[in-house]
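Below is one structure; the comments refer to it alone.
Quick note: numbers below take in every heavy atom, side chains included, and nothing from hydrogens, waters or symmetry partners.
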Amino acid sequence: MFYVLPFCSSTSTATFVFGDSLVDSGNNNFLFTLSKADSPPYGIDFKPSHGHPTGRFTNGLTISDIVGEALGDNSFPPPYLAPNVESNATNIGINYASGSSGILDATGTLFIGRVPLREQISNFEESRKYIVNSMGEENAKRFIKKAMFSITIGSNDVINYFQPSIPFISNEKRLHKLGARKFVVVGVGPLGCIPFMRAIGLISKGKCSVEVNTLIRNYNKKLKAELHRLNKDIKPKAIFIYANSYDVFREIILNHKQHGFENADAPCCGGYFPPFVCYKGKDANTSSVMCNDRGKYVFWDAYHPTEAANVIIAKKFLYGDASVISPINILHLHNYGS
């Protein structure tokens with residue numbers, strides 16, 4: 001599949017990505033963990049690696065990859081845990097996200113290794129030291145002020161604990177104290193509709209878990225209110241934009257045929273039943289079931305969207321109105337203060 005989004009010709013800025021498996025670009029490859037996407041068919045449509053897995057939990061590009069491309073980036077922020085990447089901190093940025101991680105440190109313990117949000121921000125502190133050593137304190141402050149900070153996390157807290165909270169905001173304040181001024185905070189999507197939740201809840205085709213989605217809507221409402229408060233109160237001035245992934249992804253599922261999809265229920269790879277593994281073995285008998293046309297499925301595996309779905313979500317975040325992303329969209333945030 002090949003997708004074209006409108007290209008922004010303005011000078012690209014660094015992007016620092018925090019979050020979970022929705023945006024992990026390969027950090028978990030360097031951990032002892034059960035949460036990995038380092039084997040085929042993950043990455044089968046990721047052109048820069050010629051279809052080889054990179055650690056992204058989808059068949060191709062993540063939402064943050066697609067947004068970066070549209071804003072003019074020539075490459076993607078590399079995973080922080082990969083060797084010899086620190087110099088990217090002063091150029092395109094770095095990706096700190098980790099599959100199975102959460103806002104709470106204990107989230108994802110079942111998977112053993114992962115990097116919780118608190119530790120991801122501590123890793124950025126190390127990157128900041130490199131930036132200061134490279135260009136001096138004042139230049140570093142100006143550089144970080146112009147950079148974008150993307151935070152996509154909270155889904156695993158729901159899956160693991162069913163009780164999302166907002167200690168999250170203290171982490172954003174930590175980043176603010178480190179000089180960050182431009183934030184994209186992505187709300188939690190409709191997890192009650194993902195194949196994993198529907199399977200364990202024995203929910204019929206075309207239906208979602210009302211209980212899970214109600215919980216998430218309440219969480220997102222609180223998160224949006226907190227970000228609105230920060231936009232008014234935090235000093236020095238910063239801008240926090242809220243990306244409404246719940247409504248965007250729910251609309252894709254409900255109107256999937258209008259978006260060119262044929263299936264919004266089943267995962268393309270791995271099937272409906274535990275252990276929900278998406279894996280390519282030596283032959284058909286040792287491989288997971290995989291759909292014939294990945295571009296026709298909303299879900300790649302039991303948890304994550306396909307690249308085709310990610311493109312639609314990214315486009316909404318880049319160019320959408322206040323019903324999707326507020327107070328401004330990512331394209332406007334990119335140019336904010338420049």
Do the rings of H176 and F183 sit parallel, tilted or perpendicular, given the 30° and 60° boundaries?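 Aromatic pair H176/F183 classed parallel.
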Six-ring centre of F76, R56 cation under 6.0 angstrom, axis tolerance 45°:
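Positive - R56 is close enough to the ring of F76 and near enough to its axis.
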Answer yes or no: are there more than 12 heavy-atom neighbours, outside [X] itself, under 6.0 Å from its atom [atom1]?
X: N84; atom1: CG; answer: no
X: N292; atom1: CG; answer: no
X: K257; atom1: NZ; answer: no

key: Aromatic ring proximity F32/F111, centre distance under 6.0 Å   =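 Centroid separation for F32 and F111: 6.0 Å or greater.
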**Request:** Flag the pair F124 / F149 as yes when their ring centroid distance falls below 6.0 Å, and as no otherwise.
**Result:**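 Here the rings of F149 and F124 have centres that are less than 6.0 Å from each other.
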Do [X] side-chain atoms and [Y] backbone N/O form a donor-acceptor pair below 3.5 Å?
X: R294; Y: A308; value: no
X: N28; Y: L31; value: no
X: T306; Y: Y297; value: yes

For Y246, the option from E251, R217, K221 that meets side chain to side chain donor-acceptor pair (under 3.5 Å) |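 Exactly one candidate clears the test, R217.
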Heavy atoms of G154 and D20 approach each other most closely as N-OD2, 4.0 Å
| query | What heavy-atom pair brings P327 and I241 nearest, and what distance separates the two atoms? | reply |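 The pair with the smallest heavy-atom distance is CD-CG2, 3.9 Å.
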| task | Please check if any side-chain donor atom of S64 sits under 3.5 Å from a side-chain acceptor atom of T62, or the reverse. | result | yes
### Query
Side chains of Y42 and D301: donor-acceptor distance under 3.5 Å anywhere?
yes
Under 3.5 Å, which donor-acceptor pairs link side chains of residues 188-198 to any protein atom two or more places apart or in another chain?
unit_1 : atom_1 : unit_2 : atom_2 : d
R198   : NE     : K207   : O      : 2.8
R198   : NH1    : D265   : O      : 3.4
R198   : NH1    : Y272   : OH     : 3.0
R198   : NH2    : S204   : O      : 3.1
R198   : NH2    : D265   : OD1    : 3.3

ask   = Under a 4.0 Å N-O cut-off, is there an ion pair linking R128 with E137?
value =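 So R128 pairs with E137 through a salt bridge.
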Hey, mind stepping through S100 and N156 against side-chain hydrogen bond (donor to acceptor under 3.5 Å, both in side chains) and telling me if it holds? CA-CA 6 Å; S100 79; N156 294 315; 5.7 Å; no
